[in-house]
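Letters A, B, ... mirror the listed sequences (proteins, then strands); counts begin at 1.
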Number of protein chains: 2
Amino acid sequence: MDSTLLDKSRSLFIRRWGEMGASWGVSRTMAEIHALLFISNQPLCTDDLMEVLQISRGNASMNLRQLVTWGLIERVHRRGDRKEYFVAESDVWRMFETITRERRRREIEPIIETIGKCREMLKEELKGVKDERRKDIKEFQRRLDDMRDFFTVVNSLFNLVVKVGESRVADVIKVLAKFER
Amino acid sequence: MDSTLLDKSRSLFIRRWGEMGASWGVSRTMAEIHALLFISNQPLCTDDLMEVLQISRGNASMNLRQLVTWGLIERVHRRGDRKEYFVAESDVWRMFETITRERRRREIEPIIETIGKCREMLKEELKGVKDERRKDIKEFQRRLDDMRDFFTVVNSLFNLVVKVGESRVADVIKVLAKFER
DNA sequence: TGGTCCTTTCAGAAACATCTGAAAGAATTA
DNA sequence: TAATTCTTTCAGATGTTTCTGAAAGGACCA
């Protein structure tokens, strides 16, 4: 009935998480399922999700599978119950690690690889080419190099966040503050 | 004719940048236009984009406007030429700043605000409530708090990268490396 | 003023992503 | 084995985003 403040805040959070997911390339429903599991104390079954989020069984099943593949949720079995239940990773930092690992593998690495390939080609092209085109090639090279450097740094930062984790958040923030001018 | 290695690497980069954009919630075409401008030495006009990317005038116009709104490209006028030309921000670090500023404003801030609202509601709810529900509420609170901490750290990191820029990021990473477990 | 050149807008078309529901599959129990 | 309970799959439906092309708008020039 969505009457208590607990219910209200649950549905508010779920809706917002869904919207955010949508603008980051995750389907709204998948993000909502994840949100619902994330804020739930106990494992939920497919029917729970269907009821709360008003989605079909097929939809729930497909999205749950994807979330399991991503490593963001897990299947849970209960003795004496045929149903399957699901729980979300509840540690935000491990969640972040999982997401960045997957996205880096699927989206950052390919672009880094592409930049590498382009650089090779340009190096080759530069060998026997007229002076006027030389300038274009050099400039393209410069921009690719900048971009590669950038991705390298971002990669290191991600690694750090993953390694540092929750426990030392306060310390890290303190150190970071020193650098801000 | 896409025959030289320069052309090949150009189209390879553009295609890959487009794919990456697509999986990060930016339309493929918009990302491709941005890629093409990013690797171009000189300003390009709408007809250039239409020809290289094989898109309609309307499509080009719409996407260019969005890119200008994002602050990722700029209009350029040439004396004695009625056409409008476009150039991309060529500094990768400023590009990153622009993108994170916009995305934080549009996507991170709303979720932080939502978490705040939820926390308020839960605090209120906790006042007059039975013992068994207390546990659920406390657990929900805990997860929201963790998530807020997480976003706080991510925010600081972004701020840091933006403020420090390329030149000193290496130093920062060195300092942060001390935190590795 | 009318003509030229270029840009913007937007209705409808096309392409794409997501969802449903029914049927098939799998596991368990009687 | 058949019945029961739950899960998965997928063809087609629905909904959303993106794109096209033609028409309208705007700036400049003669």
Side-chain angles (χ1 to χ4, degrees), chain A residues 14-15 17-37 42-70 72-87 106-107, chain B residues 14-15 17-37 42-70 72-87 106-107:
Chain A
I14 290 169
R15 221 171 309 133
W17 197 252
E19 279 167 22
M20 202 184 62
S23 66
W24 284 86
V26 175
S27 95
R28 174 184 309 277
T29 302
M30 196 165 116
E32 286 191 348
I33 291 176
H34 178 249
L36 177 50
L37 289 171
Q42 72 277 42
L44 302 180
C45 67
T46 307
D47 294 271
D48 296 332
L49 300 170
M50 287 167 64
E51 197 194 320
V52 177
L53 304 177
Q54 293 291 315
I55 56 174
S56 71
R57 189 170 298 283
N59 195 3
S61 175
M62 298 287 244
N63 280 293
L64 284 166
R65 181 147 62 109
Q66 275 212 74
L67 283 166
V68 170
T69 304
W70 269 78
L72 289 171
I73 68 172
E74 273 188 354
R75 286 168 201 281
V76 173
H77 296 281
R78 281 181 170 173
R79 291 250 163 275
D81 190 342
R82 286 196 195 172
K83 279 207 200 82
E84 289 210 305
Y85 291 78
F86 298 87
V87 263
R106 300 179 198 191
E107 291 136 25
Chain B
I14 290 169
R15 220 171 311 131
W17 197 251
E19 280 167 21
M20 203 184 62
S23 65
W24 285 85
V26 175
S27 96
R28 174 184 310 277
T29 303
M30 196 165 116
E32 286 191 350
I33 291 174
H34 178 248
L36 176 50
L37 289 171
Q42 72 277 40
L44 302 180
C45 68
T46 306
D47 294 270
D48 295 332
L49 300 169
M50 287 168 62
E51 196 194 321
V52 176
L53 304 177
Q54 293 290 316
I55 56 176
S56 71
R57 188 169 300 281
N59 195 4
S61 175
M62 299 287 243
N63 280 293
L64 284 166
R65 182 149 60 109
Q66 275 212 72
L67 283 166
V68 170
T69 303
W70 269 78
L72 289 172
I73 67 172
E74 271 187 356
R75 284 167 202 283
V76 173
H77 296 280
R78 281 181 170 174
R79 291 251 163 275
D81 191 341
R82 286 197 196 170
K83 277 208 202 81
E84 291 209 304
Y85 291 77
F86 299 87
V87 263
R106 298 180 199 191
E107 291 137 25

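Within residues 24-31 of chain B, the residues approaching DNA chain D are B/Ser27, B/Thr29, by heavy-atom distance under 4.0 Å.
For the residue pair A/Leu44 and A/Asp48, the shortest heavy atom distance occurs at CA-OD2, 3.5 Å. Here the closest heavy-atom approach between residue A/Arg15 and residue A/Glu32 is recorded as CA-OE2, 4.2 Å. Closest approach of A/Gly18 and A/Ala31 over heavy atoms only: CA-CB, 3.7 Å. Here the closest heavy-atom approach between residue B/Arg28 and residue B/Glu19 is recorded as NH1-CG, 3.5 Å. Closest approach of A/Ile55 and A/Leu49 over heavy atoms only: CG1-O, 4.2 Å.
A/Trp70 is not listed as a side-chain neighbour of A/His34, based on a closest heavy-atom distance of 4.5 Å or more. Proximity of B/Pro43 to B/Arg78: side-chain heavy atoms (C-beta onward) are separated by under 4.5 Å at one or more points.
For C/dT8, the OP1/OP2 oxygens have a side-chain nitrogen or oxygen of B/Ser61 closer than 4.0 Å. For B/Arg75, a side-chain nitrogen or oxygen approaches OP1 or OP2 of C/dT8 to under 4.0 Å.
For the pair B/Lys83 NZ and C/dT7 C1', the interatomic distance rounds to 12 Å; values are reported in whole Å. Rounded to whole Å, the distance from CG on B/Asn59 to P on C/dT7 is 15 Å. Across the protein-nucleic acid pair, A/Leu64 atom CG and C/dT18 atom P stand 16 Å apart, rounded to whole Å. Atom CD in A/Glu32 sits roughly 13 Å away from atom C1' in C/dT18 (whole-Å rounding). In this structure, the NE2 atom of B/His77 is 12 Å from the C1' atom of C/dC6, given to the nearest Å.
The side-chain contact (heavy atoms from CB on, under 4.5 Å) test applied to B/Ala35 returns B/Phe13, B/Ile14, B/Trp17, not counting sequence neighbours. B/Glu84 is linked by a salt bridge (Lys or Arg N to Asp or Glu O under 4.0 Å) to B/Arg75, counting only residues two or more places apart in sequence or in another chain. Under the rule for a side-chain contact (heavy atoms from CB on, under 4.5 Å), the partners of A/Thr46 that lie at least two apart in sequence or sit in another chain are A/Met50, A/Arg57, A/Ala60, A/Leu64, A/Phe86.
Nearest-nucleotide positions on DNA chain D for A/Arg65 and A/Asp81 put A/Asp81 closer to the 5' end.
Contact footprint of chain B on DNA chain D: nucleotides with an atom under 4.0 Å from a non-hydrogen protein atom, first to last in 5' to 3' order, D/dT18 to D/dC29.
Rounding to the nearest 0.5 angstrom, the gap separating the CD1 atom in B/Ile73 from the CG atom in B/Leu37 is 5.5 Å.
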Between N or O atoms, less than 3.5 Å apart, protein on one side and nucleotides 26-30 of chain C on the other: list the pairs.
from   : atom 1 : to      : atom 2 : distance (Å)
C/dT28 : O2     : A/Arg82 : NH2    : 3.0
C/dT29 : O4'    : A/Arg82 : NH2    : 3.2

